[in-house]
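A quick write-up on the structure given underneath.
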Amino acid sequence: DSEYPAGPDGMTTLVRDLLGNIEPELIMACSVSQKHGTALFSSLASIVQGRVHCIHTAADLGMRVRYDFPERYGIDRALAALAAWHFFHDSCVVIDAGTAITVDAVDFDGNILGGYIMPGTEAMAEALSIRTALPGVSPGEPDGLLGNSTETCISRGIAEGVSGAVHRLFERAAHAAGSGERVMVTG
């Protein structure tokens, strides 16, 4: 949250700075943050009046989500799935590794079949540090080596655990989508 300007005036200044002298014909905007998304949409609407299209759900993109509550499917996941489907024009798996790690299956018609969500590596490390007496560490890269200190045990445990989990979730999503060869990774 500290990366974003406070209040609508700060967001408007940020948007004006980003646009510079550019006069866009149309801006398509989305946000996974309710707090900052509202300020972003308002700022864009005031700067480029009548030329902003806000994307809130996968339905706004024309995508079908096979979810109990499709409107709750994250717009970030929907955009990644749409990009992957347009790239492959076929069934695929989308892996997005950030604060959370998501693995989603997309069928040959571009329908989002569902997927998996788990904490990202930094969220895991932070949760472990907050909920235990263990030290906070930065997650490492999977290297197959055993840790030889509490810090390296945590770092390597998270890295290897996430690697194994993503591999397993990919296999399941690929089976559901009918695609083991087409995968898009982002984050």
Side-chain angles (χ1 to χ4, degrees), residues 1-5 11 14 29-40 55-58 61 63 65-88 91-106 112-177 179-187:
D1 280 351
S2 62
E3 299 173 23
Y4 296 96
M11 186 65 76
L14 175 66
C30 72
S31 177
V32 296
S33 168
Q34 290 180 336
K35 177 180 177 184
H36 298 297
T38 301
L40 172 65
I55 307 295
H56 299 281
T57 69
L61 298 170
M63 297 191 76
V65 178
R66 306 288 187 227
Y67 233 46
D68 290 342
F69 301 98
E71 67 279 359
R72 292 176 47 187
Y73 186 78
I75 190 61
D76 52 339
R77 294 169 69 197
L79 286 167
L82 179 67
W85 191 80
H86 276 286
F87 182 79
F88 294 118
S91 60
C92 56
V93 175
V94 182
I95 300 172
D96 188 347
T99 304
I101 297 171
T102 61
V103 179
D104 290 294
V106 180
I112 299 168
L113 303 176
Y116 305 96
I117 302 173
M118 61 183 274
T121 57
E122 292 195 14
M124 285 185 190
E126 184 179 321
L128 191 60
S129 175
I130 289 170
R131 297 188 61 112
T132 68
L134 293 170
V137 299
S138 295
E141 296 293 322
D143 58 15
L145 301 175
L146 294 173
N148 57 7
S149 69
T150 300
E151 290 79 9
T152 59
C153 285
I154 294 169
S155 178
R156 291 179 179 157
I158 291 171
E160 294 293 338
V162 166
S163 175
V166 169
H167 180 77
R168 174 66 178 247
L169 299 178
F170 166 76
E171 287 177 339
R172 290 179 178 244
H175 177 74
S179 169
E181 303 92 40
R182 293 170 297 279
V183 60
M184 182 170 285
V185 179
T186 185

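Source: prediction; values computed, not measured. The residues of the chain are indexed from 1 along the displayed sequence. All values below come from the heavy atoms of this structure, side chains included, with hydrogens, waters and symmetry mates left out.
The CD atom of E160 sits 10.0 Å away from the OG atom of S155 when rounded to the nearest 0.5 Å. Rounding to the nearest 0.5 Å places CG of L14 at 8.5 Å from CG of L40. Distance check, rounded to the nearest 0.5 Å: CZ of R156 to CG of D143 gives 4.5 Å. Atoms CD1 and CD1, from I101 and I95 in turn, are 9.5 Å apart once rounded to the nearest 0.5 Å. Here C92 contributes atom SG and E181 contributes atom CD; the two are 11.5 Å apart, rounded to the nearest 0.5 Å. In this structure, CZ on F87 lies 11.5 Å from CZ on R182, to the nearest 0.5 angstrom.
Taking each heavy atom of S31 and I75 in turn, the nearest pair found is O-CG2, 3.8 Å.
Residues meeting the ring-ring contact (aromatic ring centres under 6.0 Å, His included) test with Y116, sequence neighbours left out: none.
Considering only heavy atoms from C-beta on, F88 stays 4.5 Å or farther from V106 through its side chain. Taking the side chain as every heavy atom from C-beta outward, V94 and R77 never approach each other to under 4.5 Å.
R168 CZ: 12 or fewer foreign heavy atoms inside a 6.0 Å radius. More than 12 non-hydrogen atoms from other residues, nucleotides or ligands lie less than 6.0 angstrom from CG of L145.
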Considering only distance and modelled atom types, tabulate donor-acceptor pairs under 3.5 Å from the side chains of residues 120-142, sequence neighbours left out.
from: T132; atom 1: OG1; to: L128; atom 2: O; distance (Å): 2.4
from: T132; atom 1: OG1; to: L134; atom 2: N; distance (Å): 3.0

Only pairs under 3.5 Å count here: list side-chain donor-acceptor contacts from residues 169-177, not counting sequence neighbours, and write none if there are none.
from: E171; atom 1: OE2; to: H167; atom 2: NE2; distance (Å): 2.9

